[in-house]
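Below, read A as the first sequence line, B as the second, and so on, with proteins coming before strands; counting in each chain starts at 1.
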Amino acid sequence: MLDINLIREKPDWVKDQIRKLNDAPALARVDNILELDRQRRTLLTEVEAIQAARNRLNKQVGRLRGDKSLSAEARAATAAAASDALERADYAAAVALMEGEQAAPPTSLSPEVALESLMTALKGMGDRVNALNEQVKEVEGRLDEQVLWLPNLPHDSVPVAESEASNIAWPPEGEIRTFDFEPKAHWDLGPALDIIDFERGVKMAGSRAYVLKSWGARLQRALISLFLDSARAKGFTELYLPYFVAEPMMYGAGQFPKFRDVVYFDPDAEVYMLPTAEVAITNLHRDEILDEAQLPLFYVAHTPCFRREKMSAGRDVRGIKRVHQFEKVEMYKFTTPETSYAELESLVEAASDICRALKLPFRRLEIVTGDLGFSASKKYDIEVWSPGCNEWLEVSSCSNTETFQARRSNIKYRPTEGKKAQFVHTLNGSGLATPRVVIAILENYQQADGSVVIPEVLRPYMGGADRIPASV
RNA sequence: GGAGAGGUAGCGUAGUGGCCUAACGCGCUCGCCUGGAACGCGAGUAGGGGUAACACCCUCGUGGGUUCGAAUCCCACCCUCUCCGCCA
């Protein structure tokens with residue numbers, strides 16, 4: 001979420017930043033937001049003035065009724081005059097009369113009647129406050145809705161370009177193997193090795209469902225353990241998380257409202273299945289004020305991820321590259337603003353180190369403004385080479401969202417030097433996502449005889465086995 | 001799922017319609033005292049909105065309601081604890 005003060009104070013700069021994202025609908029919202037913000041503040045000024053007057057008047061009601069030093073005539077006069085002032089909506093005069101700052105002219109009304117009329121006037125004032133508060137709520141609702149649709153703004157270091165076609169690929173690391181036979185794609189290798197069963201997966205759960213079997217299931221479980229251990233060795237605290245969350249968490253992480261389409265929802269329990277562990281970890285410290293001394297906080301969690309892939313229907317339909325349910329290990333950092341960009345670099349390195357350990361050829365992709373996505377200020381992807389599919393597969397995406405998620409989730413920290421609490425920066429990065437790593441291992445480590453060599457670093461997690469045998 | 005008890009500022013607690021502009025204790029910060037500390041004494045110590053800055057407004061689990069006025073009364077919901085039932 002962007003800071004409304006920033007939008008109000010530098011609207012043209014904000015618009016320039018959004019233009020870099022190539023997001024016309026978002027751009028159009030800015031003027032709308034400015035207008036709603038103006039309306040909101042105008043209404044607030046009015047309602048708060050009435051509330052302030054009402055608070056003071058109410059305090060005087062008890063005194064007017066109970067003060068024995070006041071004569072019946074004086075009470076009647078004050079009540080009648082204040083009541084008249086309220087009729088004219090002259091709140092200042094009513095306050096002055098009730099607080100005794102201003103003398104009331106005599107009245108012919110009885111104290112009872114005058115008091116009754118004052119009560120009626122005060123009631124009207126209360127009704128007016130309620131009506132205005134309704135309006136404030138309505139305007140605020142529309143304002144929030146608009147602001148929640150605005151994407152994060154890019155960091156100055158992000159290359160400005162229109163689309164993903166311009167993403168900057170860093171030189172690949174690791175050896176891209178040359179085969180003396182035609183390398184197979186995983187959708188052929190998997191069934192041949194009897195470790196991926198597409199047909200039975202689809203039978204049970206529909207399109208894009210799959211079953212990992214035997215060495216396939218074991219390979220994935222080994223990878224998850226490797227990923228978690230690798231992060232833990234770098235100081236990340238392991239978490240076991242709920243796999244579903246209540247709606248506000250989806251807003252907090254920036255999934256909602258824009259990506260409502262991609263999540264699974266249980267309408268009875270009113271909970272949403274995680275599309276990524278990032279959603280849960282972001283909200284771990286929701287509504288908290290952390291001490292600067294606690295920061296940075298590093299977390300890692302393995303969770304399944306559930307995505308409807310509605311918007312990608314028809315893309316990557318073969319194999320297990322794009323599926324409704326997959327496993328991911330997610331790394332996450334809560335940092336101060338001063339350190340977040342250095343932490344982003346080390347986060348990408350942490351993901352890269354896993355590819356190095358698995359001896360998979362990989363490259364870093366520097367994401368340009370037009371492909372940044374909704375929540376990131378800066379983003380790098382890690383892609384591994386997949387010789388069977390003949391493409392680079394995204395296995396990690398590392399982002400610094402700066403205060404974007406922290407604002408939505410209300411996560412602050414108190415600086416050591418006594419200043420006011422301010423928003424933390426949050427970063428997230430996969431480390432890594434399977435089954436894409438399963439794909440890469442099968443395709444990169446396949447042998448002419450149909451077997452697949454198990455990367456050395458994984459063998460301790462697979463009972464010491466060094467190979468997935470070709471025949472069942 | 002049933003019964004009961006609760007939810008008040010970092011923590012613990014008080015507060016049953018206006019003196020709550022939320023008290024007190026602990027913790028924390030600063031000052032005095034001291035050679036330096038402890039003790040003692042004094043002051044400060046939630047968040048949000050709003051303003052050029054004040055003023056001011058909102059928040060006592062959440063949302064409604066009653067009332068001139070609600071932490072306090074009424075209704076609904078959420079969560080925690082104790083007991084019971086069911087259960088991997």
Side-chain angles (χ1 to χ4, degrees), chain A residues 1 3-9 36-68 70 75 78-87 89 91-92 94-99 111-141 143-144 147 240 242-243 245-249 251 268-271 283 285-294 403 406-424:
Chain A
M1 186 158 62
D3 184 358
I4 185 69
N5 292 303
L6 178 69
I7 301 172
R8 186 187 303 143
E9 282 156 27
L36 286 168
D37 179 54
R38 263 191 297 274
Q39 282 181 30
R40 173 176 169 273
R41 283 182 302 148
T42 304
L43 283 167
L44 276 181
T45 307
E46 187 182 359
V47 72
E48 284 184 7
I50 301 178
Q51 274 174 329
R54 186 185 64 166
N55 289 346
R56 292 172 71 170
L57 290 171
N58 280 332
K59 243 171 219 111
Q60 297 304 321
V61 170
R63 195 183 60 86
L64 189 66
R65 283 207 241 204
D67 191 343
K68 296 287 189 293
L70 283 175
R75 271 202 288 270
T78 302
S83 169
D84 284 349
L86 288 179
E87 287 297 317
Y91 303 122
V95 169
L97 285 159
M98 289 291 283
E99 289 182 347
E112 290 72 23
V113 172
L115 209 57
E116 190 61 32
S117 130
L118 175 63
M119 290 307 168
T120 306
L122 284 169
K123 168 112 178 116
M125 206 174 171
D127 292 342
R128 176 86 180 125
V129 167
N130 287 341
L132 283 169
N133 272 330
E134 285 296 311
Q135 282 186 54
V136 170
K137 241 192 229 174
E138 194 263 335
V139 170
E140 267 177 355
L143 179 60
D144 288 347
V147 175
Y240 172 78
Y243 294 168
V245 292
E247 191 176 46
M249 315 311 133
Y251 279 97
D268 290 326
E270 294 187 86
V271 292
N283 287 282
H285 292 295
R286 186 184 183 85
D287 293 326
E288 292 183 26
I289 299 174
L290 306 165
D291 285 328
E292 182 171 1
Q294 295 175 257
T403 63
R407 283 181 194 281
R408 289 174 165 244
S409 306
N410 190 27
I411 308 161
K412 298 185 173 179
Y413 77 100
R414 200 177 298 287
T416 313
E417 289 307 320
K419 283 169 288 182
K420 249 189 86 177
Q422 54 181 295
F423 291 108
V424 298

Item to check | Complement of B:U45, any strand, by Watson-Crick or G-U distances under 3.5 angstrom | outcome: B:G27
Checklist entry - Who does B:G40 pair with, Watson-Crick or G-U, both distances under 3.5 Å? => result B:C32
Item to check | Non-neighbouring partners of A:Asn55 that pass side-chain hydrogen bond (donor to acceptor under 3.5 Å, both in side chains), sequence neighbours left out | outcome: none
Write down the protein N/O and nucleotide N/O pairs, taken from nucleotides 62-65 of chain B, whose separation is under 3.5 Å; answer none if there are no such pairs.
from	atom 1	to	atom 2	distance (Å)
B:G64	OP1	A:Lys137	NZ	2.4

Checklist entry - Any side-chain heavy atom of A:Arg41 within less than 4.5 Å of one from A:Arg8? => result yes
Checklist entry - Whom does B:C86 pair with, Watson-Crick or G-U wobble, provided both distances fall under 3.5 Å? => result none
Next on the checklist: If I take atom CG in residue A:Asp291 and atom C1' in nucleotide B:G10, what distance separates them, rounded to the nearest angstrom?
Outcome noted: 10 Å
Next on the checklist: Using the P atom as the point on both nucleotides, what is the distance between B:C56 and B:G61, in whole Å?
Outcome noted: 25 Å
Checklist entry - What residues form a salt bridge (charged side-chain N to carboxylate O under 4.0 Å, His left out) with A:Glu112, not counting sequence neighbours? => result none
Checklist entry - If pairing requires Watson-Crick or G-U wobble contacts with both distances under 3.5 Å, which nucleotide is the partner of B:G4? => result B:C81
Checklist entry - In chain order, what residues pass the salt bridge (charged side-chain N to carboxylate O under 4.0 Å, His left out) check against A:Arg54, with sequence neighbours excluded? => result none
Next on the checklist: Please give the distance between the C1' atoms of B:U21 and B:A46 as a whole number of Å.
Outcome noted: 15 Å
Checklist entry - When the distance from CG of A:Leu115 to P of B:G18 is rounded to whole Å, what number comes out? => result 18 Å
Checklist entry - What integer distance in Å separates A:Leu290:CG from B:G47:P? => result 14 Å
Next on the checklist: Between B:G63 and B:U8, how many Å separate the two P atoms, rounded to a whole number?
Outcome noted: 16 Å
Next on the checklist: With rounding to the closest Å, how many angstrom separate the P atoms on B:C74 and B:U66?
Outcome noted: 15 Å
Item to check | Smallest separation among heavy atoms of A:Tyr91 and A:Ala53, with atom names | outcome: CB-CB, 3.8 Å
Checklist entry - Using purine N1 to pyrimidine N3 plus N6-O4 or O6-N4 for Watson-Crick, or N1-O2 and O6-N3 for G-U wobble, both under 3.5 Å, which nucleotide pairs with B:U66? => result none
Checklist outcome for this item: By the Watson-Crick or G-U definition, both distances under 3.5 Å, B:U72 is matched with none
Next on the checklist: Run the side-chain hydrogen bond (donor to acceptor under 3.5 Å, both in side chains) test against A:Glu87 and tell me which residues pass, sequence neighbours left out.
Outcome noted: none
Checklist entry - Taking a pair as Watson-Crick or G-U wobble with both distances under 3.5 Å, which nucleotide is matched to B:A14? => result none
Item to check | Interatomic distance, A:Arg407 CZ vs B:G47 C1' [rounded to whole Å] | outcome: 15 Å
What are the atom names and distances for every N/O pair under 3.5 Å that joins the protein to nucleotides 66-68 of chain B?
from	atom 1	to	atom 2	distance (Å)
B:C68	O2'	A:Asn58	OD1	2.5
B:C68	O2	A:Asn58	OD1	3.3
B:C68	N4	A:Arg65	NH2	2.8

Item to check | A:Ile289 CD1 to B:U45 P, straight-line distance once rounded to whole Å | outcome: 16 Å
Checklist entry - Of all residues at least two apart in sequence or in a different chain, which pass the side-chain hydrogen bond (donor to acceptor under 3.5 Å, both in side chains) check with A:Asp287? => result A:Asn410
Checklist entry - Under 4.0 Å between a Lys/Arg side-chain N and an Asp/Glu carboxylate O for A:Glu46 and A:Arg128? => result yes
Checklist entry - Using the P atom in both, what is the distance from B:A38 to B:C26, to the nearest Å? => result 16 Å
Checklist entry - P atom, B:G25 versus B:A14: distance in rounded Å? => result 15 Å
Next on the checklist: Suppose we screen for side chain to side chain contact (heavy atoms under 4.5 Å, CB included). Which residues come up paired with A:Ala131, at least two apart in sequence or across chains?
Outcome noted: none
Next on the checklist: Could you tell me how far B:G7 sits from B:A71 if I compare only their C1' atoms? Round to whole Å.
Outcome noted: 12 Å
Checklist entry - Taking for each residue the nucleotide of RNA chain B with the nearest heavy atom, is it A:Asn410 or A:Ala53 whose nucleotide lies nearer the 5' end? => result A:Asn410
Next on the checklist: Measure CG/A:Asn130 against C1'/B:G69 and give the value in whole Å, please.
Outcome noted: 13 Å
Checklist entry - For A:Tyr251, which residues count as a ring pair (Phe, Tyr, Trp, His ring centres under 6.0 Å) partner, sequence neighbours excluded? => result A:Phe256
Tell me which donor-acceptor pairs under 3.5 Å the side chains of residues 113-121 of chain A have, and how far apart each pair is, sequence neighbours excluded?
from	atom 1	to	atom 2	distance (Å)
A:Ser117	OG	A:Ser83	OG	2.5
A:Thr120	OG1	A:Glu116	O	3.0

Checklist entry - What integer number of Å spans the P atoms of B:A23 and B:A43? => result 14 Å
Checklist entry - Looking at CZ of A:Arg408 and CE of A:Met1, how far apart are the two atoms once the value is rounded to the nearest 0.5 Å? => result 7.0 Å
Checklist outcome for this item: Those residues at least two apart in sequence (or on a different chain) that pass side-chain hydrogen bond (donor to acceptor under 3.5 Å, both in side chains) with A:Gln39 are A:Glu35
Checklist entry - Which letters describe nucleotides 49-56 of chain B, given B = protein heavy atom under 4.0 Å from base, S = only from sugar-phosphate, - = neither? => result BSS----B
Item to check | For atom CD1 of A:Ile411 and atom C1' of B:G47, their distance in whole Å | outcome: 16 Å
Checklist outcome for this item: Here the distance between atom C1' of B:U59 and atom CG of A:Asp287, to the nearest Å, is 13 Å
